Amino acid sequence: MRFSKMFIPTMREVPSEAEAISHKLMLRAGYVRQLAAGLYIFLPLGWRVLNRINKILKEEMEAIGAQEISMPILHPAEIWQKTGRWYEIKDEMFRLKDRTDRDMCLGMTHEEIMTWLASKEIRSYRQLPQIWYQIQTKLRDEARPKSGVLRTREFIMKDSYSFDTDEDGLEKNYKSHAYAYHKIFKRCGLKFYQVESDPGMMGGATAHEFMAPSPAGEDEIILCDKCGYTANVEVAHSVSPAIKDLKWNYEEVYTPQKKTVKEVSEFLSIEPAYFIKSLLFMAAEGPVLVLIRGDQELHEKKLARIIGQFRTALREEVMSTLGVEAGFIGPMGHKLRILADSILREGTYITGANKADYHIKGIKPHVHFEAEWHDLHIAKEGDHCYRCNTLIRAEKVIEIGNIFKLGIKYSVPLNAVFLDRNGQEKPMVMGSYGIGPSRIAAAAVEQNYDKDGIIWPKSIAPFDIEIIPININDNKTLEVMEVLYEGLTKNSMDVLIDDRDERPGIKFKDADLIGIPVHIVIGEKNLKDNQIEIKNRRTKEIRKVSIENAVSEAIAFFQEI
RNA sequence: CGGGGCGUAGCGCAGCCUGGCUAGCGCACCUGCCUUGGGAGCAGGGGGUCGGAGGUUCGAAUCCUCUCGCCCCGACCA
């Protein structure tokens, strides 16, 4: 491909709206353009990258027996109504009506439609298992699209769905997807982790996410380097640092106007970890008191999994429920549901006295209060691994893939059933598995760049090799350029020639920006010695080779990378 | 949806507070000359409803009101 014939609008300056590295570089290097918030155009270079990623996806999906199909993006509402998601999902779903006033929506994911298809077509256990996948556009009316191509309202997703006769079959397909995903992300040149995750509204008990470490990531994971425990903070367990049991006697202390843990802790010169924070929430079942240690933070999602949707109690509700103002609440003597973080099972603490301006020192679990014990705190760096007690660390990550065991969540409402060996009707056992190709691309950029631009992993670069003729008006240069281009192309290398009549500086800068892994520089000086240069974009290593050997050397050089 | 910021040429910005001459600068773009190993130089040139609407004023990029868009933080994220 010739640069002069390809639309590669590079920019010297970064558009001011871009913040994330991948966003800046993909704009500057001419890979994408923004149409509106969360809507991106993939330009020729960007589209080539996506296609390379998709090719890897297809190969690895086919390798585990998945079959590619293509489903509509426009869905009738009835199917989504049957599973209930039409009502559960709110503004996130794009909804519309057709000309006959029929409710429709744009697909944010395809569990419903895939299950519908299975319900129509699969009758017998003999037809199972099936794995169907597609690489298809998804539409989600995101509250806040951000970071360029990382979070958009319309994006392409590789989504696959497995249908099995039983849990064992699902387990097998779940595992083979995990295996395929490892291969895919490895082939794409990404650093990544597989972590335990929250199944969320997808339902089912088990889910994992594939996470590419990057400061631009929106998610955070917890890692234990010793035992290998990795989990999304949304579900991560941890053991907060141990504290001594100071065995104070139960006594009231005067703490005028000191309400927050920080204030009382400073006032009494006692570490926050010796305090119990008492928080009142209003759930569907009524008020619930939640206790966590002073140095912990409540994980609202963990709490929501236990008591359902809730909100913070208003000042008046605290007063009417507990008879004390917020800031001096203690867990003693109340008749309501009390949940406490498990760490509070042991020790002696300080807490509100249920009386304005007073705290209680010396409160002990089981003696002065009872509670349901749960993991309610946010795991963070400095905590210990709940499995092996080693110090854990946290990392920012980009979610690039996920796998869910769905079970029969969708097959039951949509009546996707089959007859088993004994002629018994049973719901299919399902799994769903997603990968975002544009997130792979963005994560690859986030993990591979320098001050000059992108450094693509060679498996997903838009081209393998870029040829840079220094002076396009030199006949010898042109001649060598054509010979190399032909030679490399014949050996199935994807080659971009910068045949523009531009100054060398511009070509070098653009080449570095665009980030093709290998550059071949043809200059008049080296030609006099019958040589050309082969350069590694990442390391800047340059190898001079003779023109005769240039093709084979360049290929070898590419393969070494 | 809550908080903050920004909309002036393709990109990056100045001008706005304190209203006033033809709306300016760098890069990019076009023409010519020159130049060719890391975003050259000289000369000439094109491109703007100052996001939009309404208002105040003799006069609005500038002041006021409304509105639209984009970005960032948070909430949300199937």
Side-chain angles (χ1 to χ4, degrees), chain A residues 9-20 23-24 27-28 30 33-40 80 83-94 105-113 138-148 150-153 155 157 159 197-204 207 209 216 218-219 232 234 300-301 304 309 311-312 399 402 404 406 409-410 432-434 436 451-453 468-474 477 498 500-514 519-528 531-533 535 540 542 544:
Chain A
T10 60
M11 287 187 278
R12 190 179 293 211
E13 275 170 302
V14 199
S16 57
E17 74 261 23
E19 186 87 0
H23 190 197
K24 287 181 183 173
L27 281 171
R28 277 195 62 207
R33 286 294 182 262
Q34 184 180 38
L35 173 65
L39 297 175
Y40 280 82
W80 286 82
T83 63
R85 286 163 117 192
W86 178 264
Y87 311 103
E88 286 164 28
I89 297 166
K90 302 199 176 73
D91 298 338
E92 212 82 14
M93 182 185 270
F94 282 106
C105 65
L106 301 179
M108 14 186 5
T109 177
H110 280 76
E111 280 78 15
E112 274 78 0
I113 312 304
K138 302 283 183 272
L139 289 120
R140 298 179 186 179
D141 196 357
E142 290 285 350
R144 183 148 99 83
K146 58 181 286 198
S147 306
L150 275 177
R151 184 162 211 87
T152 54
R153 296 193 291 175
F155 58 97
M157 187 189 233
D159 47 325
S197 71
D198 182 5
M201 299 279 289
M202 290 296 263
E209 287 164 332
E218 302 180 271
D219 288 296
N232 192 314
E234 288 181 356
E300 299 196 351
K301 277 198 172 164
Q309 282 219 320
R311 62 170 174 82
T312 310
E399 182 185 346
N402 50 38
F404 295 93
L406 300 176
K409 178 177 160 128
Y410 295 91
S432 95
Y433 319 88
K451 63 173 175 44
D452 296 315
I468 304 170
I470 296 287
N471 181 2
I472 201 81
N473 298 312
D474 176 61
T477 302
D498 193 346
R500 295 174 301 170
D501 188 7
E502 291 285 0
R503 301 176 57 81
I506 290 179
K507 295 190 183 183
F508 286 131
K509 289 288 183 191
D510 274 347
D512 286 347
L513 225 204
I514 289 167
H519 301 166
I520 295 179
V521 181
I522 306 173
E524 291 172 82
K525 286 171 196 163
N526 282 320
L527 285 181
K528 289 204 179 88
Q531 286 186 317
I532 54 104
E533 287 170 14
K535 183 178 158 193
K540 317 256 179 184
I542 289 175
K544 288 192 186 184

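Predicted, not measured: the structure shown is a model, and the values here were computed from it. Lettering of chains follows the sequences in order, A, B, ..., and the numbering in each one begins at 1.
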Same-atom distance ([atom1]) from [N] to [M], integer angstrom:
N	M	atom1	value
B:rC70	B:rC29	C1'	26 Å
B:rG5	B:rG51	C1'	16 Å
B:rG15	B:rG24	P	16 Å
B:rC73	B:rC16	P	30 Å
B:rC42	B:rC72	C1'	44 Å
B:rG46	B:rA23	P	14 Å
B:rG48	B:rU22	C1'	13 Å
B:rA28	B:rG41	P	8 Å

With sequence neighbours left out, what residues match [X] under side-chain contact (heavy atoms from CB on, under 4.5 Å)?
X	result
A:T83	A:R85, A:E112, A:Y410, A:P413, A:L414
A:N402	A:E209, A:E399, A:F404
A:E300	A:L298, A:F310

Discussion item. Within the 4.0 Å limit for protein heavy atoms, which parts of nucleotides 68-74 of chain B are touched? Write it as a string from 5' to 3', B for base, S for sugar-phosphate only, - for none.
Written reply: --SSBBB
Tell me the interatomic distance from [X], atom [atom1], to [N], atom [atom2], rounded to whole angstroms.
X	N	atom1	atom2	value
A:K509	B:rG37	NZ	P	15 Å
A:D198	B:rC76	CG	P	12 Å
A:K535	B:rG37	NZ	P	15 Å
A:K451	B:rG38	NZ	P	14 Å
A:R503	B:rG41	CZ	P	9 Å
A:D501	B:rG39	CG	P	17 Å
A:K507	B:rU35	NZ	P	18 Å
A:N471	B:rC34	CG	C1'	14 Å

Worksheet entry | Test side chain to side chain donor-acceptor pair (under 3.5 Å) applied to A:D452 - qualifying residues, sequence neighbours left out |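 Once residues adjacent in sequence are excluded, the partners of A:D452 under the side chain to side chain donor-acceptor pair (under 3.5 Å) criterion are A:K540.
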Worksheet item: Can you list the residues that meet the side chain to side chain donor-acceptor pair (under 3.5 Å) rule with A:E524, with sequence neighbours excluded?
Response: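 Counting only residues at least two positions away or on another chain, A:E524 forms a side chain to side chain donor-acceptor pair (under 3.5 Å) with A:N471.
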Could you please name the partner base of [N], counting Watson-Crick and G-U wobble pairs only when both distances are under 3.5 Å?
N	answer
B:rG74	B:rC1
B:rG69	B:rC6
B:rG20	B:rC58
B:rC25	B:rG12

Indicate, with a heavy-atom threshold strictly under 4.0 Å, whether [X] touches base, sugar-phosphate, or nothing.
X	value
A:D91	nothing
A:R28	base
A:E533	base
A:D474	nothing
A:K301	sugar-phosphate

Can you tabulate the close N/O pairs, meaning under 3.5 Å, that link protein atoms to atoms of nucleotides 43-48 of chain B?
none

Main-chain N/O of [Y] paired with [X] side-chain donor or acceptor, under 3.5 Å:
X	Y	result
A:R33	A:Y40	no
A:R140	A:M108	yes
A:K507	A:D498	yes

Worksheet item: Do A:K535 and A:D512 come within less than 4.5 Å of each other through their side chains, counting heavy atoms only?
Response: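 With C-beta onward as the side chain, the pair touches.
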Worksheet entry | Side-chain heavy-atom pair A:T477, A:I470 within 4.5 angstrom cut-off |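 A side-chain contact is absent here, since even the closest heavy-atom pair is not under 4.5 Å.
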Checking [X] now: which residues fulfil salt bridge (charged side-chain N to carboxylate O under 4.0 Å, His left out) with it, not counting sequence neighbours?
X	value
A:R12	none
A:D219	none
A:D159	A:K138
A:K301	A:E234

Find every protein N or O atom lying less than 3.5 Å from an N or O atom of nucleotides 25-32 of chain B, and list the pairs.
| unit_1 | atom_1 | unit_2 | atom_2 | d |
| --- | --- | --- | --- | --- |
| B:rG26 | N2 | A:E13 | OE1 | 2.9 |

Fill in: Upstream residue (5' side of RNA chain B) when A:D510 and A:M93 are each assigned their closest nucleotide
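This one resolves to A:D510.
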Worksheet item: Which comes earlier along RNA chain B counting from the 5' end, the contact point of A:I470 or that of A:E234, where each point is its nearest nucleotide?
Response: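 This one resolves to A:I470.
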